[in-house]
Amino acid sequence: MTAVRTPRDVLWDACRAKTCCRTTRVALTGADLARLVRAFELEPEQFAVAIPADGADEDVPGFLLEPGGAAYELVLRKRGELGPDGAPCTFLVETNDGHAACGAGDERPAVCRAHPGTLRDGRLRVAGGCDCRRWSVLDLGPREHALAAAAAEEEQRHAAFVHAWNDAVGAAAAPRSLEDFCRDAIEACG
Amino acid sequence: MIAPATSPCSRCTEGCCREYTVTVTGLDVYRIARGLGLAPLQFAVVLPRVREYVEGFRLGPGEERFQLALDKQHDGWCVFWMPFGETAGRCGIYAHRPQVCRTYPATLIDGEVARRDDVLCPAGSWGPGSVLASEAWRRRAERQYAELELDAIVNRCWNDADAAPEPPDAVDAYLAWMLAVYAALDGDAATPLDWVHPGPGVLEALARVLDANPPAQRVV
């Protein structure tokens with residue numbers, strides 16, 4: 001019954017604060033959106049919000065909703081006001097003694113599944129964003145490598161979708177809605 | 001609207017996850033503790049027995065029985081409830097949720113799957129041509145009864161052994177033993193815990209496990 005837990009899983013479960021789930025801006029791909037919408041039967045705006053893209057992500061462009069308009073990125077909502085320590089991810093659950101855990105389970109975004117592993121130039125690396133533990137690649141194994149590769153692949157597909165979406169928005173006369181974007185993203189990447 | 005609504009729970013605002021005391025079996029607690037890497041008392045509480053039909057466990061020399069329930073948040077919602085806005089919310093441990101939550105609002109009446117008559121579900125929400133009358137719901141309901149039966153066998157073993165030390169150690173002693181029993185059962189190749197029916201194989205394996213893991217005798 002019990003799924004095999006890697007050393008990373010044990011270290012992750014042992015973390016009480018889950019600071020990264022409070023301070024990290026979690027950008028969603030179409031594949032993430034598709035999984036979360038289908039599994040939780042929630043509308044995208046119930047757990048995600050479009051914020052102005054700051055251009056920091058070189059791999060994924062921001063998406064447009066009108067020709068020549070602002071570029072956005074879709075990120076997981078936080079619960080409550082953002083303070084100096086951020087705010088808990090909308091999917092974070094917390095026991096009464098302060099132990100936090102991801103409530104999205106296996107449906108969580110690919111980048112969260114792979115965390116703290118990330119693929120750079122095809123190699124497994126440790127992503128930033130974690131204050132609770134200084135991770136090492138030795139904490140990660142073949143499964144984390146596969147998860148990081150899957151996240152990278154989904155991100156690439158999402159980037160291709162956003163390029164096509166932006167081209168279509170640029171050529172269209174009327175603005176498109178965020179709901180349109182989400183529906184198309186799910187269809188293209190889900 | 002983009003999201004599918006295959007379950008009436010998706011749009012329901014009646015708050016079963018707030019209104020009920022969710023009593024759980026030892027196997028439920030084992031699954032959650034294993035699945036999330038939490039200690040039982042981080043998410044469960046010990047209550048004097050609230051459901052007369054369960055065996056419950058003793059925590060001392062007296063006859064009083066206790067049982068386990070999921071903890072609550074300060075506003076009454078289940079400890080694992082994730083709010084999404086004012087009225088919506090979802091279970092934060094869906095893959096590991098207790099069997100009673102999987103089975104709700106169904107039960108078995110004379111072997112037939114039926115909607116419990118004490119549930120909060122709005123009238124008609126599961127019908128017409130109730131989806132509860134499906135094989136999947138039958139399996140859930142049967143599994144619920146089977147797990148209650150296992151829980152009763154395990155607790156009877158504990159109660160008969162008169163093993164509970166005096167409080168405050170009693171809860172800890174019971175939980176440690178109970179988790180060891182389910183871990184051994186989980187590790188028994190003959191009885192992976194994803195069985196559908198509690199066939200003789202499961203009961204025999206449990207008997208073996210209880211034999212090998214007797215509750216400690218109380219030190220007088």
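Numbers restart at 1 for each chain; the letters A, B, ... are given by sequence-line order, proteins then strands. Please read all numbers here as calculations on a predicted model, not as lab measurements.
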Q | Residue-level interface, residues 109-125 of chain A with chain B, non-hydrogen cut-off under 4.5 Å | A | none
Q. For chain B, which residues of residues 93-107 of chain A have at least one non-hydrogen atom nearer than 4.5 Å to it?
A. A/Val93, A/Glu94, A/Thr95, A/Asn96, A/Asp97, A/His99, A/Ala101, A/Cys102, A/Gly103
Q.
If the condition is side-chain contact (heavy atoms from CB on, under 4.5 Å), which residues does B/Ile2 pass it with, not counting sequence neighbours?
A. A/Val37, A/Glu43, A/Pro44, A/Glu179, A/Cys182, A/Arg183, A/Ile186
Q. Would one find more than 12 heavy atoms of other residues, nucleotides or ligands at under 6.0 Å from atom CD of B/Glu135?
A. yes
Q: Please say whether more than 12 non-hydrogen atoms of neighbouring residues, nucleotides or ligands are located less than 6.0 Å from OH in A/Tyr72.
A: no
Q | Parallel, tilted or perpendicular: ring planes of B/Trp77 versus B/Trp81, cut at 30 and 60 degrees | A | parallel
Q: Run the numbers on B/Glu204 and B/Arg208 for salt bridge (charged side-chain N to carboxylate O under 4.0 Å, His left out), then give the verdict.
A: CA-CA 6 Å; B/Glu204 281 163 18; B/Arg208 259 198 321 274; 5.2 Å; no
Q: Grab the two heavy atoms, one from B/Leu68 and one from B/Val29, that are nearest each other, plus how far apart they are.
A: CD1-CG2, 3.9 Å
Q: Determine the minimum heavy-atom distance between B/Tyr104 and B/Cys16, stating which atoms define it.
A: OH-CB, 3.7 Å
Q | Near-ring test A/Phe40/A/Phe91, centroid separation under 6.0 angstrom | A | yes
Q | chain B interface, residue from A/Leu92, A/Val10, A/Leu42 that has the most non-hydrogen pairs under 4.5 Å | A | A/Leu42
Q: Below 4.5 Å from any heavy atom of chain A, which atoms of B/Leu38 appear? Answer side chain, backbone, both or neither.
A: side chain
Q) Relative to chain A, which segment of B/Cys91 carries a heavy atom at a distance below 4.5 Å: side chain, backbone, both, or neither? A) backbone
Q | Listed once per pair and sorted, the salt bridge (Lys or Arg N to Asp or Glu O under 4.0 Å) pairs that draw on residues 7-18 of chain A, sequence neighbours left out | A | A/Arg5-A/Asp13, A/Asp9-A/Arg143
Q: Identify which part of A/Arg79 has an atom lying under 4.5 Å from any heavy atom of chain B, answering side chain, backbone, both or neither.
A: side chain
(Q) Show, in sequence, the C-alpha distance, side-chain angles and deciding distance for A/Glu41 and B/Thr6, and conclude whether the side-chain hydrogen bond (donor to acceptor under 3.5 Å, both in side chains) test is met. (A) CA-CA 8 Å; A/Glu41 304 200 340; B/Thr6 61; 2.4 Å; yes
**Q.** Criterion salt bridge (charged side-chain N to carboxylate O under 4.0 Å, His left out) on A/Arg25 and A/Asp54, from CA distance to verdict
**A.** CA-CA 12 Å; A/Arg25 195 181 56 197; A/Asp54 61 7; 3.2 Å; yes
(Q) Between B/Arg97 and B/Asp28, is the salt bridge (charged side-chain N to carboxylate O under 4.0 Å, His left out) condition met? List the steps. (A) CA-CA 7 Å; B/Arg97 70 197 186 285; B/Asp28 290 321; over 6 Å; no
**Q.** Residue selection (most heavy-atom pairs with chain A, distance under 4.5 Å) from B/Gly37, B/Pro4, B/Ser10
**A.** B/Pro4
